[in-house]
Amino acid sequence: MDPPSLSGRANYSVSDQPLCSEWQKAPEGAVFHLAHILLVLGFMGGSGFYGLLYMFSFLALGFLCCCLHAWSEPCAPDASAWPCALSVLCVAQALHVAHRARSVAFGGELQELYARMFNKLGVSLTHYGEIVACCEGQIQTMEKDHFFAIEGKTPIDKLSVLLSGRVRVSVNGEFLHYIHPFQFLDSPEWDSLRPSEDGVFQVTLRADSRCRYVTWRRKKLYLLFAQHRYIARIFALLVRNDIADKLFSLNTAALDGRGFRYDLRLPSFCHGPHLERTGAVPPLRPSRNRNKSVITKPVDSKS
């Protein structure tokens with residue numbers, strides 16, 4: 001049996017094409033142009049809940065305008081059926097995204113924590129929901145003069161962020177610095193240990209006023225890091241930035257008996273044991289702060 005000839009079909013498809021004798025003088029209606037403008041705006045939507053809500057809302061309006069424009073063609077029902085179906089699907093998807101955005105809403109303090117620490121890093125509400133679920137959304141309360149940690153006794157088994165109040169940090173009874181809201185309570189201790197290591201606090205943390213804080217257990221947080229590497233990088237950035245802030249607060253408070261300010265970046269700040277035994281004094285070093293002509297001087301071991 002001979003195969004069917006395609007020449008007739010090719011000749012049919014070419015010869016039956018309508019020829020354009022002249023261009024249409026009247027442009028398409030305003031609905032046609034509005035539909036394409038809305039589609040362009042919709043495809044420019046970003047990620048996240050609000051980006052998806054923006055995108056599907058504009059796409060639904062764009063496809064609806066396409067449906068209205070195609071409805072003017074009485075002999076082409078398919079041209080209006082498809083845009084109408086796509087518009088309905090976009091509306092359904094927009095409602096679904098709006099429901100999900102409402103379901104991950106948080107309380108006042110947790111919402112403020114997101115705005116102050118995580119939102120500025122671009123963390124989505126979905127990832128923040130995973131972080132809140134790791135601590136079970138619980139907020140702890142610590143009354144005034146109660147201890148969060150005691151040096152040499154309290155184990156390092158959690159990571160906490162202060163939400164309100166103020167915490168006093170001291171070592172051997174000497175004041176170091178304060179911890180203010182939306183700062184980690186134990187970031188240096190957390191960063192000093194590996195996941196398989198154990199340790200205890202080397203400082204004492206006492207509530208200077210009534211405090212509220214959120215805490216994550218160490219094992220559960222490391223399990224979350226293993227599942228979401230993005231969250232692990234966010235916490236690493238927050239913890240190390242918090243440690244830098246604490247070192248800066250120590251630097252501004254480090255003064256000797258004559259009122260000179262120490263610079264933690266200089267080796268003369270930490271005098272070794274051999275200086276304490278011999279009473280040797282290292283040479284003076286100028287401070288790196290160019291705005292202030294301060295001379296850094298070590299503490300005399302005999303005083």
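These numbers come from the heavy atoms of this one structure, side chains and all, not from hydrogens, waters or symmetry mates.
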Engineer: Taking Y114 for its side chain and V123 for its backbone only, find out whether a donor-acceptor pair lies under 3.5 Å.
Structural biologist: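 Here the side-chain-to-backbone pair exists.
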Engineer: Within a reach of under 6.0 Å around NZ of K220, are more than 12 heavy atoms found that belong to other residues, nucleotides or ligands?
Structural biologist: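 Result for NZ/K220: enclosed.
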Engineer: Are V169 and V171 connected in the hydrophobic side-chain network, where two residues link if heavy atoms are under 4.5 Å apart?
Structural biologist: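 Yes, same cluster.
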Engineer: Could you measure the distance from the CD1 atom of I150 to the CZ atom of F201? Nearest 0.5 Å is fine.
Structural biologist: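 Those atoms lie 11.0 Å apart.
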Engineer: Indicate, with yes or no, if L193 and L185 share a hydrophobic cluster defined by side-chain heavy-atom contacts under 4.5 Å among Ile, Leu, Val, Met, Phe, Trp and Tyr.
Structural biologist: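 Linked within one cluster.
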Engineer: How about L223 and Q227: do any of their side-chain heavy atoms sit closer than 4.5 Å?
Structural biologist: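 Of all side-chain heavy-atom pairs linking Q227 with L223, at least one is under 4.5 Å.
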Engineer: Sequence neighbours left out, what passes ring-ring contact (aromatic ring centres under 6.0 Å, His included) with Y230? Give chain and number order.
Structural biologist: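 In terms of ring-ring contact (aromatic ring centres under 6.0 Å, His included), with neighbours along the sequence ignored, Y230 is linked to H127.
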Engineer: Mind running side chain to side chain contact (heavy atoms under 4.5 Å, CB included) on F235 and I131 for me, showing each step along the way?
Structural biologist: CA-CA 10 Å; F235 267 88; I131 296 172; 3.8 Å; yes
Engineer: Please report the interatomic distance CG(D186) to OG1(T215), rounded to the nearest 0.5 Å.
Structural biologist: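 Here the interatomic distance stands at 7.0 Å.
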Engineer: Quick check for you: to the nearest 0.5 Å, what is the distance between L162 atom CG and M142 atom CE?
Structural biologist: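 One finds 7.0 Å between CG of L162 and CE of M142.
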Engineer: Can you name the closest pair of heavy atoms from F182 and M117 and give their distance?
Structural biologist: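 Where F182 meets M117 most closely, the heavy atoms are O-SD, 3.9 Å.
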Engineer: Indicate yes or no: at least one non-hydrogen side-chain atom of D145 is less than 4.5 angstrom from one of R206.
Structural biologist: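 SC-SC contact between D145 and R206 confirmed.
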Engineer: Compare every heavy atom of A35 with every heavy atom of G62, then report the nearest pair and how far apart it is.
Structural biologist: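 In this case the closest contact between G62 and A35 is O-CB, 3.5 Å.
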Engineer: Measure across V214 and C135 and return the closest heavy-atom pair with its distance rounded to 0.1 Å.
Structural biologist: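 Between these two residues, the closest heavy atoms are CG2-SG, 3.6 Å.
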Engineer: Just say parallel, tilted or perpendicular for the rings of Y178 and H180, cut-offs at 30° and 60°.
Structural biologist: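 Judged by the thresholds at 30° and 60°, the geometry between Y178 and H180 is tilted.
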Engineer: So if you build clusters from Ile, Leu, Val, Met, Phe, Trp, Tyr with side-chain heavy-atom gaps below 4.5 Å, do L41 and M55 land together?
Structural biologist: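 Hydrophobic grouping puts L41 apart from M55.
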Engineer: Is there a side-chain contact between L86 and C66 (heavy atoms, below 4.5 Å)?
Structural biologist: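 Contact flag for L86/C66 side chains = no.
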Engineer: Does a sphere of radius 6.0 Å around OH in Y50 hold more than 12 heavy atoms from other residues, nucleotides or ligands, not counting ones at 6.0 Å or beyond?
Structural biologist: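 12 or below, so no.
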Engineer: Side chains of Q202 and E151: does their closest heavy-atom pair fall under 4.5 Å?
Structural biologist: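 Q202 does not reach E151 side chain to side chain.
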Engineer: Between atom OG1 of T204 and atom CD of E174, what is the distance when rounded to the nearest 0.5 Å?
Structural biologist: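 Going from the OG1 atom of T204 to the CD atom of E174 covers 12.0 Å.
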Engineer: Do L61 and V91 belong to the same hydrophobic cluster, where Ile, Leu, Val, Met, Phe, Trp and Tyr are linked whenever their side-chain heavy atoms lie under 4.5 Å apart, directly or via other members?
Structural biologist: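 L61 does not cluster with V91.
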Engineer: Quick one: CG on L238 to CZ on F118, what's the gap to the nearest 0.5 Å?
Structural biologist: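 CZ of F118 is found 5.5 Å from CG of L238.
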Engineer: Count I, L, V, M, F, W, Y as connected when their side-chain heavy atoms are under 4.5 Å apart, and connections chain through other members. Are L237 and W216 then in the same cluster?
Structural biologist: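 In one cluster with L237: W216, yes.
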Engineer: So, do V239 and D242 sit near enough that their side-chain heavy atoms are less than 4.5 Å apart?
Structural biologist: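 Not touching, per the 4.5 Å side-chain cut-off.
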Engineer: Checking F32 now: which residues fulfil ring-ring contact (aromatic ring centres under 6.0 Å, His included) with it, not counting sequence neighbours?
Structural biologist: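 Counting only residues at least two positions away or on another chain, F32 forms a ring-ring contact (aromatic ring centres under 6.0 Å, His included) with H36, H69.
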Engineer: Let me confirm one number: the CZ-CH2 distance from F184 to W190, rounded to the nearest 0.5 Å.
Structural biologist: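 Here the interatomic distance stands at 9.5 Å.
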Engineer: Short question: side chain of S87, backbone of P83 - any donor-acceptor pair under 3.5 Å?
Structural biologist: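 Answer holds: no.
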Engineer: On a heavy-atom basis, which atom in S57 and which in A94 lie closest, and how many Å separate them?
Structural biologist: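 Smallest interatomic distance, heavy atoms only, reads OG-CB, 4.4 Å.
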Engineer: Is it true that atom CZ of R240 has more than 12 heavy atoms of other residues, nucleotides or ligands lying nearer than 6.0 Å?
Structural biologist: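 At most 12 heavy atoms, drawn from other residues, nucleotides or ligands, come within 6.0 Å of this atom.
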